[in-house]
Amino acid sequence: MSLSIGQPAPEFNLKDQNGAYHGLGEYRGKWVFLYFYPKDDSPGCTIEACSVRDNFKQFEKLNCAVLGISTDTTKSHAKFDQKNKLSFTLLADDKKQTVIGYEVWGEKEFMGRQYIGTIRTSFLIDPEGKIRKIYGEVHPKRHIAEVLKDLNKIQNPKK
């Protein structure tokens with residue numbers, strides 16, 4: 001199965017950095033920016049998370065929840081959140097069910113070494129729970145500006 005625009009986003013039920021469970025269904029009626037990242041506290045992931053934090057009020061104005069998912073533990077997420085003063089939910093997929101369901105678990109290469117891990121990918125999900133946009137090959141420094149621009153364009157097509 002290959003995920004595509006217009007189809008329902010796969011459901012999940014994962015713990016956040018505070019130990020509370022979150023499922024996609026609880027966000028019906030809101031937009032959701034769902035972003036998958038490889039590892040807490042790594043350079044690219046920190047840049048991306050801090051960019052979300054710095055632009056979080058814009059997401060709120062656009063009625064858009066932000067959910068970051070990695071295969072790190074809730075304890076790791078709590079440290080990452082605390083260290084960077086993040087203002088959004090980080091979900092722990094330590095059983096790797098969600099990364100597999102969203103097809104973002106796969107072969108990667110870093111410094112000539114190949115391994116299996118989370119491929120940095122994001123999804124924009126509409127208030128009905130359908131995938132509206134898929135972002136592959138995400139660049140951490142520019143990605144959040146791109147998502148906010150797309151979200152503005154989708155919500156305000158005449159501007």
Side-chain angles (χ1 to χ4, degrees), residues 1-14 16-17 22-72 77 80-81 84 86-94 96-110 114-157 159:
M1 178 181 104
S2 187
L3 294 178
S4 60
I5 293 176
Q7 77 178 87
E11 185 56 64
F12 54 80
N13 191 34
L14 300 171
D16 69 14
Q17 66 265 45
H22 295 260
L24 187 59
E26 73 188 70
Y27 296 94
R28 289 288 190 271
K30 290 187 83 151
W31 286 85
V32 175
F33 171 56
L34 181 66
Y35 83 97
F36 291 88
Y37 65 99
K39 186 136 186 70
D40 289 338
D41 221 20
S42 63
C45 297
T46 301
I47 288 168
E48 187 173 22
C50 289
S51 183
V52 170
R53 176 201 64 206
D54 295 346
N55 291 282
F56 189 71
K57 287 194 185 317
Q58 290 181 39
F59 281 103
E60 286 184 316
K61 285 179 188 173
L62 293 166
N63 191 35
C64 185
V66 176
L67 303 173
I69 299 179
S70 83
T71 58
D72 291 311
H77 283 347
F80 186 49
D81 176 24
N84 294 289
L86 303 177
S87 50
F88 56 93
T89 302
L90 299 176
L91 299 173
D93 185 23
D94 47 356
K96 300 175 181 67
Q97 293 172 329
T98 305
V99 291
I100 291 169
Y102 275 82
E103 303 170 357
V104 299
W105 185 254
E107 193 170 290
K108 300 170 55 164
E109 185 176 331
F110 182 69
Q114 294 202 335
Y115 62 99
I116 303 294
T118 302
I119 300 163
R120 191 183 307 276
T121 309
S122 299
F123 297 83
L124 199 51
I125 300 167
D126 71 20
E128 288 78 44
K130 293 186 178 167
I131 298 170
R132 287 293 295 269
K133 185 126 177 137
I134 301 171
Y135 300 88
E137 298 184 29
V138 169
H139 189 281
K141 287 184 181 177
R142 297 188 300 259
H143 185 51
I144 303 311
E146 176 187 18
V147 172
L148 287 167
K149 180 180 175 186
D150 289 344
L151 192 54
N152 264 304
K153 194 183 299 184
I154 290 168
Q155 290 186 12
N156 305 298
K159 282 189 178 182

K.L.:
Using the side-chain contact (heavy atoms from CB on, under 4.5 Å) rule, take F88 and Y35 through it: C-alpha gap first, then chi angles, then the decisive distance, then the call.
P.N.:
CA-CA 12 Å; F88 56 93; Y35 83 97; 3.5 Å; yes

K.L.:
Quick one: closest heavy-atom pair of I134 and L3, and the distance?
P.N.:
CD1-O, 3.8 Å

K.L.:
For residues P140 and R120, determine if any side-chain heavy atom of one lies less than 4.5 Å from a side-chain heavy atom of the other.
P.N.:
yes

K.L.:
Taking the inter-plane angle between the rings of Y27 and H22 on a 0 to 90° scale, is it parallel (under 30°), tilted (30 to 60°) or perpendicular (over 60°)?
P.N.:
parallel

K.L.:
Between CG of D150 and NZ of K133, what distance do you get to the nearest 0.5 Å?
P.N.:
4.5 Å

K.L.:
Would you please say whether a donor-acceptor pair under 3.5 Å links the side chains of D40 and H77?
P.N.:
yes

K.L.:
Are there more than 12 heavy atoms of other residues, nucleotides or ligands under 6.0 Å from atom NZ of K96?
P.N.:
yes

K.L.:
Table please: side-chain donor-acceptor pairs of residues 50-61 below 3.5 Å, with sequence neighbours left out.
P.N.:
from, atom 1, to, atom 2, distance (Å)
R53, NH1, N84, O, 2.6
N55, OD1, Q58, NE2, 3.4
N55, ND2, S51, O, 2.8

K.L.:
Is the backbone of G29 close enough, under 3.5 Å, to the side chain of N63 for a donor and an acceptor to pair up by distance?
P.N.:
yes

K.L.:
More than 12 heavy atoms of other residues, nucleotides or ligands under 6.0 Å from CD of E137: is that the case?
P.N.:
no

K.L.:
Considering only heavy atoms from C-beta outward, does the side chain of Y37 approach that of I69 to under 4.5 Å?
P.N.:
no

K.L.:
side-chain contact (heavy atoms from CB on, under 4.5 Å), that's the test. Do F36 and I119 meet it? Break it down for me.
P.N.:
CA-CA 7 Å; F36 291 88; I119 300 163; over 6 Å; no

K.L.:
Using side-chain heavy atoms (C-beta onward) and a distance below 4.5 Å, is D94 in contact with T71?
P.N.:
no

K.L.:
How close do V104 and F123 get, heavy atom to heavy atom, and via which atoms?
P.N.:
CG1-CE1, 4.1 Å

K.L.:
Answer yes or no: is there a side-chain heavy-atom contact under 4.5 Å between I125 and W31?
P.N.:
no

K.L.:
Between the side chain of Q17 and the main-chain N/O of F80, is any donor-acceptor distance below 3.5 Å?
P.N.:
no

K.L.:
Using only atom types and a distance under 3.5 Å, with no angle test, would you say the side chain of E11 pairs donor to acceptor with the backbone of G25?
P.N.:
yes

K.L.:
With the side chain counted from C-beta on, respond yes when V147 and Y135 share a heavy-atom pair under 4.5 Å apart, and no when they do not.
P.N.:
yes

K.L.:
Is there a side-chain contact between L151 and L124 (heavy atoms, below 4.5 Å)?
P.N.:
yes

K.L.:
What are the two closest heavy atoms between L24 and A9, and how far apart are they?
P.N.:
CD2-CB, 3.5 Å

K.L.:
Without swapping roles, check the side chain of K108 against the backbone of T118 for a donor-acceptor pair under 3.5 Å.
P.N.:
yes

K.L.:
If every non-hydrogen atom of E48 is compared with every non-hydrogen atom of H143, which pair is closest and at what distance?
P.N.:
OE2-CD2, 3.3 Å

K.L.:
How many angstroms lie between atom CZ of R142 and atom CD1 of I47, to the nearest 0.5 angstrom?
P.N.:
11.5 Å

K.L.:
Keeping E128 on the side-chain end and R28 on the backbone end, is there a donor-acceptor pair under 3.5 Å?
P.N.:
no

K.L.:
For L14 and L91, work out which heavy atoms get closest and say how close.
P.N.:
O-CD2, 3.7 Å

K.L.:
Measure the spacing between CG of L34 and OG1 of T121 and express it to the nearest 0.5 Å.
P.N.:
10.0 Å

K.L.:
With the side chain counted from C-beta on, respond yes when F12 and Q97 share a heavy-atom pair under 4.5 Å apart, and no when they do not.
P.N.:
no

K.L.:
Specify the closest pair of heavy atoms between D93 and V99, including all atoms of both residues, with the distance to one decimal.
P.N.:
OD2-N, 2.7 Å

